[in-house]
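Comments concern the structure below.
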Amino acid sequence: MTVSIRSGDTADYDAVRALHVRCSVATRARRYHTGTPQLTRDAWARMSGPRAGCTLLATPFGLPHRVVAVGHLLYERHPDVAELAVLVEDTWQSHGLGGILSRRLYGFAHFMRVRTIVAYVATDNIRARRMVNGLARHAGGHGPDVRLLSDSDVFETVFS
């Protein structure tokens, strides 16, 4: 499967909303840690606006308006920390797309002045945990620190 990776912004709302519709409830829950039924225009603007961080979209080669995966490196409250988040359409999972987006986003971290990348991943989300651990190994001690946070960390972060 050949894909193109490009930057995403608020103008991509309709295509990214369609991706969310094609994803199962379980896939969306693994990404958002809730049963988010759909992506709102306001939520997309917060995730993809110019101050949010960096957004990358994956589209099948030759179909630039069909988004099959989205990856974000979103600034956290602390200025040199960013959250890594990836959503891959169910039928496109297990082809390395999340890893590709993650590595590309990791490459942008330096230019964003990010020193620590965090990924909030549920304990039972084995594929995402492998992806983040692979990213940490790929970094090899050079560049931003990569931290994998589990369910209890997510709960603590959301409610603190």
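Everything quoted here is computed from the prediction, not taken from an experiment.
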Checklist entry - In chain order, what residues pass the side chain to side chain donor-acceptor pair (under 3.5 Å) check against W92, with sequence neighbours excluded? => result none
Checklist entry - Which residues satisfy the side chain to side chain donor-acceptor pair (under 3.5 Å) test with S102, sequence neighbours excluded? => result none
Contacts of type side chain to side chain contact (heavy atoms under 4.5 Å, CB included), residue [X], not counting sequence neighbours:
X    : answer
D9   : A11, D12
R127 : Q93, S94, N125
V81  : E76, H78, T116, V118
H95  : M1

Checklist entry - Can you list the steps and then say if D14 with W44 is a side-chain contact (heavy atoms from CB on, under 4.5 Å)? => result CA-CA 10 Å; D14 290 332; W44 177 246; over 6 Å; no
Checklist outcome for this item: Sequence neighbours excluded, the answer for salt bridge (charged side-chain N to carboxylate O under 4.0 Å, His left out) partners of R130 is none
Item to check | Residues which pass salt bridge (charged side-chain N to carboxylate O under 4.0 Å, His left out) with D90, listed by chain and number, not counting sequence neighbours | outcome: none
Checklist entry - Which pair of non-hydrogen atoms, one from A128 and one from V121, has the smallest distance, and what is that distance? => result CB-CG1, 3.6 Å
Checklist entry - Which atom names give the shortest non-hydrogen contact between T10 and A45, and what distance separates them? => result CG2-CA, 3.8 Å
Just how far is it from atom [atom1] of [X] to atom [atom2] of [Y], taken to the nearest 0.5 Å?
X    : Y    : atom1 : atom2 : result
L101 : L73  : CG    : CG    : 11.5 Å
Y120 : E83  : OH    : CD    : 6.0 Å
D80  : M112 : CG    : CE    : 11.5 Å

Checklist entry - Taking it one step at a time, do L19 and L87 satisfy side-chain contact (heavy atoms from CB on, under 4.5 Å)? => result CA-CA 9 Å; L19 161 66; L87 177 69; 4.1 Å; yes
Next on the checklist: Around atom CZ of R113, are there more than 12 heavy atoms from other residues, nucleotides or ligands closer than 6.0 Å?
Outcome noted: no
Item to check | Heavy atoms of other groups near Y13 OH, more than 12 under 6.0 Å | outcome: yes
Checklist entry - Under a 4.5 Å cut-off applied to non-hydrogen side-chain atoms, are Y75 and V114 in contact? => result yes
Next on the checklist: Is there a side-chain contact between L84 and L105 in this structure, where contact means two heavy atoms from C-beta onward sitting under 4.5 Å apart?
Outcome noted: yes
Next on the checklist: Can you pull out every salt bridge (charged side-chain N to carboxylate O under 4.0 Å, His left out) where at least one residue sits in residues 43-60? Sequence neighbours excluded, please.
Outcome noted: none
In a table with atom names and distances, give each donor-acceptor pair under 3.5 Å that connects a side chain of residues 53-68 to protein atoms at least two apart or in another chain.
unit_1: T55; atom_1: OG1; unit_2: M47; atom_2: O; d: 3.2
unit_1: T55; atom_1: OG1; unit_2: H72; atom_2: ND1; d: 3.0
unit_1: R66; atom_1: NH2; unit_2: E89; atom_2: OE2; d: 3.1

